[in-house]
Amino acid sequence: IDEYTDADVARIIRLVGGLPLGIELAAAWLEMLPIDEIAGEIEKSLDFLETDLRDVPERHRSVRAVFDYSWNLLNDDERNVFIKLSVFRGGFEREAAQKIAGASLRTLTNLVNKSLLRRDPSGRYLMHTLLRQFAEERFEERADCDTVRQEHAHYYSALIQRLGPVFNTHKEQAAVDQLDEEKENLRAALIWAISHRLWDEVEQVHHTILLFYIARSLLREGADVFRWIADELRADGKAGTDLYWSIQVHEAWLGGRTGSYEHVMALAQPAYEGLLQSGNKLG
C-alpha cells in the first residue's frame, strides 16, 4: 500500500464489507492485475472473488459460496423480502421496506441477525454491495420485478412531492437532509420514471429536484440531469411541451450559476418564447 494505491485498497475493503475471505480472494489477483482493475472487477461481479484451490473447504472457495450458505438458512418469507430489498440504493428506512418489499419488522430484524442487512444508529438499513448483487440476480428472475421497481419509483416520487412545499420555509434544511440521505434511491426512481415515460410523475417532482440541487450546490450534476431529461423528452416526441421548456429553464438556471452564460441564453430564449406562446406566464 502506498499513496498511489491506498484509495483502491480502501475501495476494495469497502466493496467486500471488510469480509476477510473477500479481502483474501481479492489479494490473490495481485500477481495478475493492477489493484484498480481488481476493484473494478469486484464491482462488476461477485464471481470474481473465487479461488480454484482445492485445499480449502468448498464454502470458502468463493464469496458466492458463503452467500449461498447464508441463503440456504433463510425461510421463504426472508428470501422473498431479501430479494425485493435489492431494489434499494444507498440504504432504506423501515417504512419504505414495508411498503415496497412487504418487510415486517421481525423479518428485517432476522436479516440483520443473519448479517444480511446492517442497521445503523439512526435506524436506517443498509445492504452490502456484494449482497445486493447476489439478491439482484434473483430479483431479475422474478415475474414481479417491474412491479416492485414501479412501487419504488412511486414511493420516492411521493416523498419528493411531500417535501417540496417545505422549501423556502424554516424546515427546508431538514427536507434537504432527508433528500440527501435518499439521493441514490431518488436517482434510481427518476431513471425508472423517465425510462418508462412516466412524464406526469416527472412533472410533479422536477422543480423540487432543482431546489435540492441548488441547496446542495450540485450545479453541474443537476445541469447534466436536466439535460438528460430534455434529451429523453425529445426522443419521446415531447419537445415543445411546457414540461420540456421547464426542464430547459432548470438547466439554464444551474448553468448560469456556473458562468455558462452563452449556453444559458441558448436554452432560455427558446424556452421563453415557447412558454409565452403556450400562455404559461408563470413558467
Q: If we only count heavy atoms from C-beta on, is the Glu221 to Lys183 side-chain gap below 4.5 Å?
A: no
Q: Under the criterion side chain to side chain contact (heavy atoms under 4.5 Å, CB included), I'd like the reasoning laid out for Lys238 against Glu232: C-alpha separation, chi angles, the key distance, then a yes or no.
A: CA-CA 8 Å; Lys238 301 294 183 181; Glu232 293 297 316; over 6 Å; no
Q: Regarding Asn280 and Trp245, do their side chains bring together a donor and an acceptor under 3.5 Å, going by distance alone?
A: no
Q: Would you mind reporting whether Phe82 and Arg138 have side-chain heavy atoms less than 4.5 Å apart?
A: no
Q: Does the side chain of Leu267 reach to within under 4.5 Å of the side chain of Val249, using non-hydrogen atoms?
A: no
Q: Applying salt bridge (Lys or Arg N to Asp or Glu O under 4.0 Å), run through Glu140 and Arg149 and close with a yes or a no.
A: CA-CA 11 Å; Glu140 295 292 347; Arg149 285 197 178 99; 2.4 Å; yes
Q: Any side-chain donor-acceptor pair under 3.5 Å between Ser157 and Gln161?
A: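 On atom types as modelled, these side chains qualify, holding a pair under 3.5 Å.
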Q: Among Arg124, Arg162, Arg89, Arg187, which residue satisfies the salt bridge (Lys or Arg N to Asp or Glu O under 4.0 Å) criterion with Glu182?
A: Arg124
Q: Run the salt bridge (Lys or Arg N to Asp or Glu O under 4.0 Å) check on Lys84 and Glu151 step by step: do they pass?
A: CA-CA 11 Å; Lys84 288 182 178 181; Glu151 286 297 320; over 6 Å; no
Q: Once the angle between the rings of His206 and His250 is folded into 0 to 90°, is it parallel (under 30°), tilted (30 to 60°) or perpendicular (over 60°)?
A: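 The rings of His206 and His250 sit tilted, inter-plane angle from 30° to 60°.
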Q: When you check the side-chain N and O atoms of Gln269 and Glu273, is any donor under 3.5 Å from an acceptor?
A: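 Yes - a donor-acceptor pair under 3.5 Å links their side chains.
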Q: Just wondering, more than 12 heavy atoms not from Asp76 lying within 6.0 Å of its CG?
A: no
Q: Is any side-chain heavy atom of Phe92 less than 4.5 Å from a side-chain heavy atom of Ile100?
A: no
